[in-house]
Enquirer: 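Let me give you the structure first, and then I'll get to my questions.
Quick note on labels: first sequence line is chain A, next is B, and so on, each numbered from 1.
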Amino acid sequence: MIDLRLLRENPGNYKAGAKAKNIPVDIDRILALDEDKRRLLTRIEHLRAEQNKIAKESGPLIGKLSGSLKQATGDEATRIQRELEELKARPAKLKAEISELEPQVAALEPQLQSLLLQVPLPPDADVPVGAGSESNVEIKRWSPPGFQLSKSFEENRGFKPKTHQELVRDLKLADFERGVKLAGTRSYVLTGMGMRLHMALLRYATDFMTDRHGFTPISVPVLVREEAMIGTGFFPAGREQAYHIAETQRRNPDAADDKGVGSHDLYLTGTGEVGLMGLHMNEILDEAQLPLRYVTVSTCFRREAGAAGKDTAGLYRIHQFDKVEQVVICKADEAESRAWHKKMIGFVEEILQSLEIPYRLLQCCTGDLGPKNADMVDIESWMPGRGQPDKDGRPQGDFGETHSASRLYDFQCRRLNMRYRAGAAGGKHETVFCHSLNNTVLASPRFLIPLLENHQQQDGSVRIPAALRPYLNGAEVVRSSVS
RNA sequence: GGAGGGGUGGCUGAGCGGUUGAAAGCAGCAGACUUGAAAUCUGCCAUGGGGCUUGUCCUCAUCAGGAGUUCGAAUCUCCUCCCCUCCGCCA
């Protein structure tokens, strides 16, 4: 959510921002609705002020007169009766006028609100302008010693790499057929060492953030209310990406009527960010509590609407996966926010380097940011089994997105109504919306792709990087499903 | 699933038709005392919106949310949501 006041002061900034992000929204309509609403509200408030004044004046009098009416008789009673009626009639006209104006405001309100929720956060000035991911800018590349990204996998390692689909099939780490039988396309089953590698990665990533960087590990619901989805900025724009549990549509088959028995609908979250950010929705935090540093591991659900035909094979684009996610909630300070962004990217680099996976950092361009980000850096891991085929029809290798680090200023916290009191609690300090940031720590099974493909060996086995071995009972190599 | 009890400021908690935007306590902030701290005392301490004469200004809304009754609602009525307790069922 953007600040309506800032929008009023500088609509051009928001128009330009929406244009750069390629998100259509009618800012002029918002300004018009806002103006109409304020005009009506001012009128109503004047009337109400009048009404309140009268009520304050005549209220106690009415009370007194009603009391004496009980004792009065004859003419006296009639006189009091008349006086009471007169007093009570005074605000009637005001009331009539108010009840005429109120529905007009009520009609404007939802329109304005729904439009406001669609206004994207303008990208920062230093974010490169571009239409989509093809305009993203590479800012860094890293590969482990002995592996050069300028050369092919074969030139580096002396043999042609298998794709992760082939590795997974040969080592029996996953079963796509049965996954699809159970749950349809984009579903899979991890088996044996496949499942163990998956769990080892998640556990390693969680421990890394907790033990090395002081993040608090938290479990959060993945089935949440609509509020949490809107608050975190995933709705309304991403509605079609989320699975929807329509509990309010539930019917009791034994009941005579067809009234819904579910109390409210729920949504499956596509990232742990929703739960972590939703935690402090509608709260006023103490400044001393900040920054909050949370890490969660959660199952993520994505409908992948609009991605039909894209990455249909293998573990890359799937409906359900597990992800370790980091979130920082800090003071409303741009420098601090930017510093955290860098740090959070650095944590991921450490993990990737410890796992000996080549990667690059991409500065996303305006068109690739999405509505809620001021800035976003994607981290792509090297996947030897991905990319365009060579003359023999084998993939030449390519980077694939495995992480995404977002900087949101107060966009999310404003929607979530999540503030802190500058200074300390209770004092005369104003409340301000917090800043928030989030970044993937590690998402699997997608991360199994670079892990298996980069560490495969000529004999078809896969070397386990040292950092992961403690989570696999010391195992150094994956040779089959069971070892 | 059955039966009850509740949702009030950062927190605890009173109020149950008439200056109650809300007692009291805790926490916090400022000051006094003190070499400093603690203790003590004094004062201040909800949020959001609108207006212009931008002021130690005026005003509206908010006691879970919505609708209603009333001259007047935190207080009464209805609906929705949420939480808790007991019983039943259950991983």
Side-chain angles (χ1 to χ4, degrees), chain A residues 1 3-9 31 33-69 80-99 101-110 112-113 116 221 223-228 230-231 247-248 250 252-255 257 259-266 278 280-290 292 410 413-434:
Chain A
M1 177 85 77
D3 187 343
L4 179 55
R5 250 185 301 205
L6 292 178
L7 181 105
R8 276 204 290 261
E9 282 165 23
L31 292 170
L33 284 169
D34 172 51
E35 206 176 307
D36 287 351
K37 185 188 143 191
R38 276 183 302 152
R39 209 187 49 240
L40 286 167
L41 234 42
T42 307
R43 180 80 194 121
I44 290 176
E45 282 176 10
H46 278 304
L47 294 169
R48 268 215 259 268
E50 187 86 8
Q51 199 182 26
N52 287 344
K53 215 173 97 192
I54 292 173
K56 242 173 214 172
E57 283 168 7
S58 52
L61 202 55
I62 290 173
K64 211 184 292 169
L65 286 173
S66 309
S68 44
L69 183 62
I80 294 173
Q81 191 79 52
R82 203 166 14 189
E83 205 171 324
L84 268 173
E85 267 156 34
E86 238 167 74
L87 280 171
K88 288 186 183 178
R90 282 176 72 192
K93 217 183 127 216
L94 295 169
K95 215 178 160 183
E97 200 174 338
I98 290 172
S99 57
L101 294 172
E102 269 180 335
Q104 295 180 40
V105 176
L108 293 177
E109 193 70 49
L112 183 59
Q113 202 53 33
L116 269 176
L223 198 53
V224 303
R225 312 171 66 104
E226 189 180 28
E227 270 179 279
I230 292 174
E247 276 294 287
T248 49
R250 184 183 283 276
N252 179 351
D254 301 329
D257 58 35
K259 258 185 72 186
V261 293
S263 59
H264 54 75
D265 284 1
L266 291 164
H280 298 289
M281 178 167 29
N282 295 322
E283 288 185 25
I284 299 177
L285 305 162
D286 290 347
E287 188 176 335
Q289 291 175 258
L290 303 178
L292 298 172
D410 64 359
C413 294
R414 189 179 289 278
R415 285 180 171 237
L416 286 164
N417 189 28
M418 182 168 166
R419 293 165 290 169
Y420 68 94
R421 199 179 296 281
K428 265 194 262 183
H429 303 282
E430 57 174 355
T431 55
V432 249
F433 292 106
C434 310

Enquirer: Checking base pairs now: Watson-Crick or wobble, both atom distances under 3.5 Å. What partners B/rC89?
Expert: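 With both distances under 3.5 Å required, B/rC89 matches none.
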Enquirer: For B/rA46, take OP1 and OP2 only and decide whether either is under 4.0 Å from a side-chain N or O of A/T431.
Expert: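 So the side-chain polar atoms of A/T431 never come under 4.0 Å of the phosphate oxygens OP1 or OP2 of B/rA46.
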Enquirer: Please report the distance, rounded to the nearest Å, between CD in A/E35 and C1' in B/rG49.
Expert: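 Checked: the CD to C1' distance equals 17 Å.
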Enquirer: Could you tell me the separation between the OH atom of A/Y420 and the P atom of B/rU47, rounded to a whole number of Å?
Expert: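 Spelled out: OH on A/Y420 to P on B/rU47 is 15 Å.
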Enquirer: Provide the Watson-Crick or G-U wobble partner of B/rG21, both distances under 3.5 Å; none if there is no partner.
Expert: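 Here B/rG21 is not engaged in any pair, so there is no nucleotide opposite it.
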Enquirer: Has A/R421 got a side-chain N or O lying under 4.0 Å from the OP1 or OP2 atom of B/rC45?
Expert: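 So the side chain of A/R421 is outside the cut-off, no N or O lying under 4.0 Å from OP1 or OP2 of B/rC45.
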Enquirer: To the nearest Å, how far apart are A/E227 CD and B/rU80 P?
Expert: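 Taking CD of A/E227 and P of B/rU80, I get 18 Å after rounding.
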Enquirer: At under 4.0 Å, does any side-chain N or O of A/H264 touch on OP1 or OP2 of B/rC82?
Expert: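 Checking A/H264 against B/rC82: at least one side-chain N or O falls below 4.0 Å of OP1 or OP2.
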Enquirer: If you check the A/N52 side chain, which of B/rA61, B/rG50, B/rC81 turns out closest?
Expert: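 In terms of side-chain proximity for A/N52, the closest of B/rA61, B/rG50, B/rC81 is B/rA61.
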Enquirer: Pick base, sugar-phosphate or nothing for A/R43, based on heavy-atom distances below 4.0 Å to the nucleic acid.
Expert: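 Nothing, no nucleic acid heavy atom in range.
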Enquirer: To the side chain of A/K95, which of B/rG72, B/rC82, B/rG10 is closest?
Expert: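 Among the listed nucleotides, the one closest to the side chain of A/K95 is B/rG72.
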Enquirer: How would you label the contact of A/L41 with the nucleic acid (heavy atoms, under 4.0 Å): base, sugar-phosphate, or nothing?
Expert: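 If one applies the 4.0 Å heavy-atom cut-off, A/L41 turns out to touch nothing in the nucleic acid.
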Enquirer: Using whole Å, report how far CD of A/E283 lies from C1' of B/rG48.
Expert: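 Distance, rounded to whole Å: 18 Å.
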Enquirer: Within a radius of less than 6.0 Å around CD of A/E35, do more than 12 heavy atoms belonging to other residues, nucleotides or ligands occur?
Expert: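 Open: at most 12 neighbouring heavy atoms sit under 6.0 Å from CD of A/E35.
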Enquirer: For atom P, what is the distance between B/rC78 and B/rG6, given to the nearest Å?
Expert: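 15 Å, rounded to whole Å.
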Enquirer: Among B/rG10, B/rG49, B/rG72, which is the nearest nucleotide to the side chain of A/Q51?
Expert: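 The nucleotide sitting nearest to the side chain is B/rG72.
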Enquirer: Nearest whole Å is fine: how far is B/rG50 P from A/D36 CG?
Expert: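 So the two atoms are 15 Å apart, to the nearest Å.
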Enquirer: A/E50 or A/D34: which one's nearest nucleotide on RNA chain B is closer to the 5' end?
Expert: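 First, find each residue's nearest nucleotide; the 5'-ward one identifies A/D34.
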Enquirer: Please name the pair of heavy atoms, one in A/L416 and one in A/G231, separated by the smallest distance, quoted to 0.1 Å.
Expert: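 In this case the closest contact between A/L416 and A/G231 is CG-O, 3.4 Å.
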Enquirer: Using Watson-Crick or G-U wobble geometry with both distances below 3.5 Å, tell me the partner of B/rG36, or none.
Expert: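 Result: none.
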Enquirer: How is A/R225 classified with respect to the nucleic acid when contacts are heavy atoms under 4.0 Å: base, sugar-phosphate, or nothing?
Expert: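 The answer is sugar-phosphate, as A/R225 gets under 4.0 Å only of primed atoms, P, OP1 or OP2.
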Enquirer: Distance check, P atoms only: B/rA67 and B/rA73, in whole angstrom units.
Expert: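 Comparing P positions in B/rA67 and B/rA73 gives a spacing of 14 Å.
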Enquirer: Rounding to an integer number of Å, can you tell me how far A/M1 CE sits from B/rG49 P?
Expert: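 So the CE-P distance, A/M1 to B/rG49, works out to 11 Å.
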Enquirer: Please name the nucleotide paired to B/rC29 by Watson-Crick or G-U wobble geometry with both distances under 3.5 Å, or report none.
Expert: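 B/rG43 - that is the nucleotide pairing with B/rC29, both distances being under 3.5 Å.
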Enquirer: What integer number of Å spans the P atoms of B/rC29 and B/rA38?
Expert: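 Taking atom P in both B/rC29 and B/rA38, they lie 11 Å apart.
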Enquirer: Taking atom C1' in both B/rG5 and B/rG10, what distance in whole Å separates the two?
Expert: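 It comes out at 26 Å once rounded to the nearest Å.
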Enquirer: What distance separates A/E97 CD from A/R43 CZ, expressed to the nearest 0.5 Å?
Expert: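 Interatomic distance, A/E97 CD to A/R43 CZ, rounded to 0.5 Å: 4.5 Å.
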Enquirer: Rounded to whole angstrom, note down the C1' distance from B/rG15 over to B/rG9.
Expert: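 Roughly 14 Å separates the two C1' atoms.
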Enquirer: Could you state the CD1-C1' distance from A/I44 to B/rC60, rounded to the nearest angstrom?
Expert: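 Spelled out: CD1 on A/I44 to C1' on B/rC60 is 10 Å.
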Enquirer: Can you tell if the side chain of A/Q51 reaches within under 4.5 Å of the side chain of A/L47, non-hydrogen atoms only?
Expert: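 No; the side chains remain at least 4.5 Å from each other.
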Enquirer: So which one's nearest nucleotide on RNA chain B is more toward 5', A/H46 or A/F433?
Expert: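 Whichever sits nearer the 5' end wins; that is A/F433.
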Enquirer: Using whole Å, what does the distance between atom C1' of nucleotide B/rG10 and atom CD1 of A/I284 come to?
Expert: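 These atoms are roughly 7 Å apart.
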Enquirer: Taking only the P atom of each, what is the distance from B/rG7 to B/rC16 in whole angstrom?
Expert: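 Taking atom P in both B/rG7 and B/rC16, they lie 14 Å apart.
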Enquirer: Tell me the partner of B/rU69, counting only Watson-Crick (N1-N3 plus N6-O4 or O6-N4) or G-U wobble (N1-O2 and O6-N3) with both under 3.5 Å; none if nothing fits.
Expert: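 Checking every strand shown, B/rU69 finds no partner, since no pair has both distances under 3.5 Å.
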Enquirer: My understanding is that only one of A/R8, A/R39, A/R5 makes a salt bridge (charged side-chain N to carboxylate O under 4.0 Å, His left out) with A/D34; could you say which?
Expert: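 The residue from A/R8, A/R39, A/R5 that satisfies salt bridge (charged side-chain N to carboxylate O under 4.0 Å, His left out) with A/D34 turns out to be A/R8.
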Enquirer: Is the backbone N or O of A/E247 less than 3.5 Å from a side-chain atom of A/D265, with the two atoms forming a donor-acceptor pair by type?
Expert: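 At least one qualifying donor-acceptor pair exists.
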Enquirer: Checking base pairs now: Watson-Crick or wobble, both atom distances under 3.5 Å. What partners B/rA64?
Expert: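 Base-paired to B/rU80.
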Enquirer: For atom P, what is the distance between B/rU62 and B/rG68, given to the nearest Å?
Expert: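 These two P atoms come out 13 Å apart once rounded.
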Enquirer: When you compare B/rA74 with B/rA14, how far apart are their C1' atoms, in angstrom units rounded to a whole number?
Expert: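 Rounded to whole Å, the distance is 12 Å.
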Enquirer: Within less than 4.0 Å of OP1 or OP2 of B/rG50, is there a side-chain N or O belonging to A/R8?
Expert: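 Yes, such a contact exists.
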Enquirer: Where the side chain of A/T42 is concerned, which of B/rG50, B/rC60, B/rC82 is the nearest nucleotide?
Expert: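 Selected nucleotide (nearest to the side chain): B/rG50.
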Enquirer: Ignoring backbone atoms, establish whether A/R419 has a side-chain N or O less than 4.0 Å from OP1 or OP2 of B/rG48.
Expert: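 It does, given that an N or O in the side chain of A/R419 lies less than 4.0 Å from OP1 or OP2 of B/rG48.
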Enquirer: If you compare every side-chain N and O of A/R38 against the phosphate oxygens of B/rG51 (OP1, OP2), does one of them come in below 4.0 Å?
Expert: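 Indeed, a polar side-chain atom of A/R38 lies that close.
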Enquirer: Any side-chain heavy-atom pair from A/R419 and A/V432 closer than 4.5 angstrom?
Expert: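 The answer is no; the side chains never approach within 4.5 Å.
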Enquirer: Side-chain donor or acceptor of A/E45 under 3.5 Å from a matching atom on the base of B/rG49?
Expert: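 Yes.
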Enquirer: Between A/N417 and A/M281, is there a side-chain heavy-atom distance shorter than 4.5 Å?
Expert: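 A/M281 does not reach A/N417 side chain to side chain.
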